[in-house]
Amino acid sequence: MNRRNQDDLSAPATRRARDGRPGTAALGTGARRGLTLIELLIVIGVLVALVAVAAPNLRPAVESRRMREAARQVSTYFSSARSRAIELNRPCGVMIERFAGDPRVGMVLHQVETPPPYAGESLGAVCSVRLTGYSALNQATVAVQFAPSIGLNLVYPGDLIQFNGQGPYFTITGVDGSGGASLTAVLDLSTGLWVPWSNTPSLPMPYKILRQPQKSAAAPLQIPAPVVIDFEASGNELPAYSFAPSGSGDTSPVYVIFGANGGLERYYVHGAARPGIMPAYFLLGRRDRVPAAQAEGGVANFQDFENFWIGITPQGMIVTEQVGIAEGNTSGRPQSIDESREFVRSGRSKGGG
């Protein structure tokens, strides 16, 4: 090849070099470089600072969504138990466990079903009743004698017994464990009930025992932490029927039982049955605000507008509303548990839930 041809071949590379563009031999040396370690650390630092600034503002929104979702789950769980009672045509409901470390709160719910009523070991089974006395708790105590004896391991304290197919249900407090020939029961007289028998045994009469609900095969509901059911504030409209534990050793669960017609038939608290003639209220709040006297920031669960009440009416209507405040209250927060239920009562009257 002559020199002229060589000059022609090198001309494009020469022109590219003259124009400031790399030639073919320089392609590898002009590759784009990445971030340096210092630049990467600066970017990470900026992101961390932005997260630190934004996190406190995001926390209330996250907690509010968590509380709202917990209220929806609990309300749906109650509704499911009510539908189950109507479907099976017999009492079903929900059992709320007390937390083992603090019976003032509950976090786990179970669906329950009531076994068939028990009326003795034979068609002619009867009992006689006699009044044994009154207690300071406004209760009447009776002793019951059976003929023939009731079946062992079928009846337990906390079950209910009705006599002669009429009248109120007495709560069984003790069963003769040796042969099942007798038991003791009490009747709450605070609602105006009375006992028609004296200390002399009554004439033989039939009886019916409603046994306590038992867990069904339905999956339990675990309320997402830190949301809990605040038993200190839960209960109904009579202070004597509060769901707060009767003492530090009170681990008895709270039961809500719906009848076959879907209404609130009864509930169990402190091991005793209460008729479902008044609404029951459950407060969903934060664990760090129980007990109320030591609540974070001095705001009890019943005063926190982010929390929810779930109300259950005697007709079985389930109402979910946030903590409310009475009109004319200028303090900024509800001053009592009764006032805090303002919205759930309004929702009940409007047919909410």
Q. For residues Q303 and S340, is any side-chain donor paired with an opposing acceptor at under 3.5 Å?
A. no
Q.
If only side-chain N and O atoms count, and only distance matters, is there a donor-acceptor pair under 3.5 Å linking T173 with T184?
A. yes
Q. What's the shortest heavy-atom distance between A273 and L160, and which atoms?
A. CB-CD2, 3.1 Å
Q: Carefully, step by step, assess R104 and D250 under the rule salt bridge (charged side-chain N to carboxylate O under 4.0 Å, His left out).
A: CA-CA 9 Å; R104 295 168 296 191; D250 182 8; over 6 Å; no
Q: Write down the atom of N301, the atom of N307, and the distance for their closest heavy-atom approach.
A: O-ND2, 3.0 Å
Q: Give, for atom CZ of F308 and atom CD of E69, the distance between the pair rounded to the nearest 0.5 Å.
A: 10.5 Å
**Q.** Side-chain donor or acceptor of Q322 paired with backbone N/O of F305 under 3.5 Å
**A.** yes
Q: Give the minimum heavy-atom separation between P253 and M95, together with the two atoms involved.
A: CB-CG, 3.6 Å
Q | Close side-chain approach of E321 and W309, heavy atoms under 4.5 Å | A | no
Q: Evaluate the criterion side-chain contact (heavy atoms from CB on, under 4.5 Å) for residue pair E97 and T251; output intermediate values, then yes/no.
A: CA-CA 8 Å; E97 292 183 6; T251 60; over 6 Å; no
**Q.** For the student: nearest non-hydrogen atoms of R287 and D102, plus distance
**A.** NH2-OD2, 3.2 Å
Q. So, T132 and T141: side-chain donor and acceptor under 3.5 Å apart, yes or no?
A. no
Q: Report yes or no: does R130 contribute a side-chain atom to a donor-acceptor pair with the main-chain N or O of S202 at less than 3.5 Å?
A: no
Q. Just wondering, are more than 12 heavy atoms of other shown residues or ligands nearer than 6.0 Å to CG in L203?
A. no
Q: Calculate, to the nearest 0.5 Å, the distance between atoms OG and NE2 belonging to S246 and H270 respectively.
A: 5.5 Å
Q. How far apart are the C-alpha atoms of S128 and Q145, what are their side-chain angles, what is the distance that settles it, and do they pass the side chain to side chain donor-acceptor pair (under 3.5 Å) test?
A. CA-CA 5 Å; S128 60; Q145 195 75 25; over 6 Å; no
Q) Can you find a side-chain donor-acceptor pair between N329 and Q335 that sits under 3.5 Å? A) no
Q) Is there a path of hydrophobic side-chain contacts, each under 4.5 Å between heavy atoms of I, L, V, M, F, W or Y residues, that connects V112 with V254? A) no
Q. Taking all atoms of both residues into account, what is the closest heavy-atom pair of G276 and P314, and its distance?
A. O-CB, 3.5 Å
**Q.** Same apolar cluster (I L V M F W Y, side chains within < 4.5 Å links), M278/I96
**A.** yes
Q.
Other residues, nucleotides and ligands only: do more than 12 of their heavy atoms fall within 6.0 Å of CG on L47?
A. yes
Q) Judged by atom type as modelled, is there a donor-acceptor pair below 3.5 Å linking the side chain of R84 to the main-chain atoms of R90? A) no
Q | Side chain proximity check, V108 to L221, heavy atoms < 4.5 angstrom | A | no
Q: Check whether any side-chain heavy atom of V323 lies under 4.5 Å from a side-chain heavy atom of R341, and answer yes or no.
A: no
Q | Residue pair P115 / P213: nearest heavy atoms and the distance that separates them | A | CD-CA, 4.4 Å
(Q) Starting from F78, can I reach V227 by hopping between I/L/V/M/F/W/Y residues whose side chains sit under 4.5 Å apart? (A) yes
Q. Hey, does E327 have a side-chain heavy atom less than 4.5 Å from the side chain of E342?
A. no
Q.
Is it true that Q111 and S216 share a donor-acceptor pair across their side chains at a distance under 3.5 Å?
A. no
Q. Are V290 and V299 in one and the same hydrophobic cluster, where Ile, Leu, Val, Met, Phe, Trp and Tyr link if side-chain heavy atoms are under 4.5 Å apart?
A. no
Q) How many angstroms lie between atom OG of S242 and atom CD1 of I337, to the nearest 0.5 angstrom? A) 7.0 Å
Can you list, pair by pair, the side-chain donor-acceptor contacts under 3.5 Å of residues 255-266, counting residues two or more places apart and other chains?
| residue | atom | partner | partner atom | Å |
| --- | --- | --- | --- | --- |
| N261 | OD1 | G263 | N | 3.0 |
| R266 | NE | Y268 | OH | 3.1 |

Q | side-chain contact (heavy atoms from CB on, under 4.5 Å) between L283 and I229, worked out | A | CA-CA 6 Å; L283 177 61; I229 292 178; over 6 Å; no
Q) Quick one: do I86 and V94 end up in the same hydrophobic cluster if we chain Ile, Leu, Val, Met, Phe, Trp and Tyr together by side-chain heavy atoms under 4.5 Å apart? A) no
Q. Under the 4.5 Å side-chain heavy-atom rule for ILVMFWY, direct or indirect, which residues accompany I150?
A. Y118, V129, L131, Y134, V142, V144, F146, L154, V155, I161, F163, F170, I172, V175, L183, L187, L189, L193, V195, W197, M205, Y207, I209
Q) Any donor-acceptor pair under 3.5 Å linking the side chain of D230 with the backbone of L284? A) no
(Q) Between V105 and R98, is the side-chain contact (heavy atoms from CB on, under 4.5 Å) condition met? List the steps. (A) CA-CA 6 Å; V105 303; R98 295 186 188 273; over 6 Å; no
Q) Should M107 and Q222 be marked as a side-chain contact (heavy atoms from CB on, under 4.5 Å) after you check the CA-CA gap, both sets of side-chain angles, and the distance that decides it? A) CA-CA 6 Å; M107 293 180 286; Q222 171 74 58; 3.7 Å; yes
Q. How long is the gap from OG on S75 to CD1 on I310, to the nearest 0.5 Å?
A. 5.5 Å
(Q) Quick check: do I223 and Q73 have side-chain heavy atoms less than 4.5 Å from each other? (A) no
(Q) Nearest 0.5 Å, please: how far is CD in E237 from CD1 in I277? (A) 11.0 Å
Q: Determine whether F99 and V228 make a side-chain contact, defined as any pair of heavy atoms from C-beta on separated by less than 4.5 Å.
A: no
Q: Applying salt bridge (charged side-chain N to carboxylate O under 4.0 Å, His left out), run through R289 and D304 and close with a yes or a no.
A: CA-CA 10 Å; R289 289 187 172 163; D304 188 343; 2.3 Å; yes
Q: First locate atom CZ of R82, then atom OG of S80, and finally report the distance between them rounded to the nearest 0.5 Å.
A: 12.0 Å
Q: Apply the ring-ring contact (aromatic ring centres under 6.0 Å, His included) test between F282 and each candidate in F243, F302, F231; give the one that qualifies.
A: F243
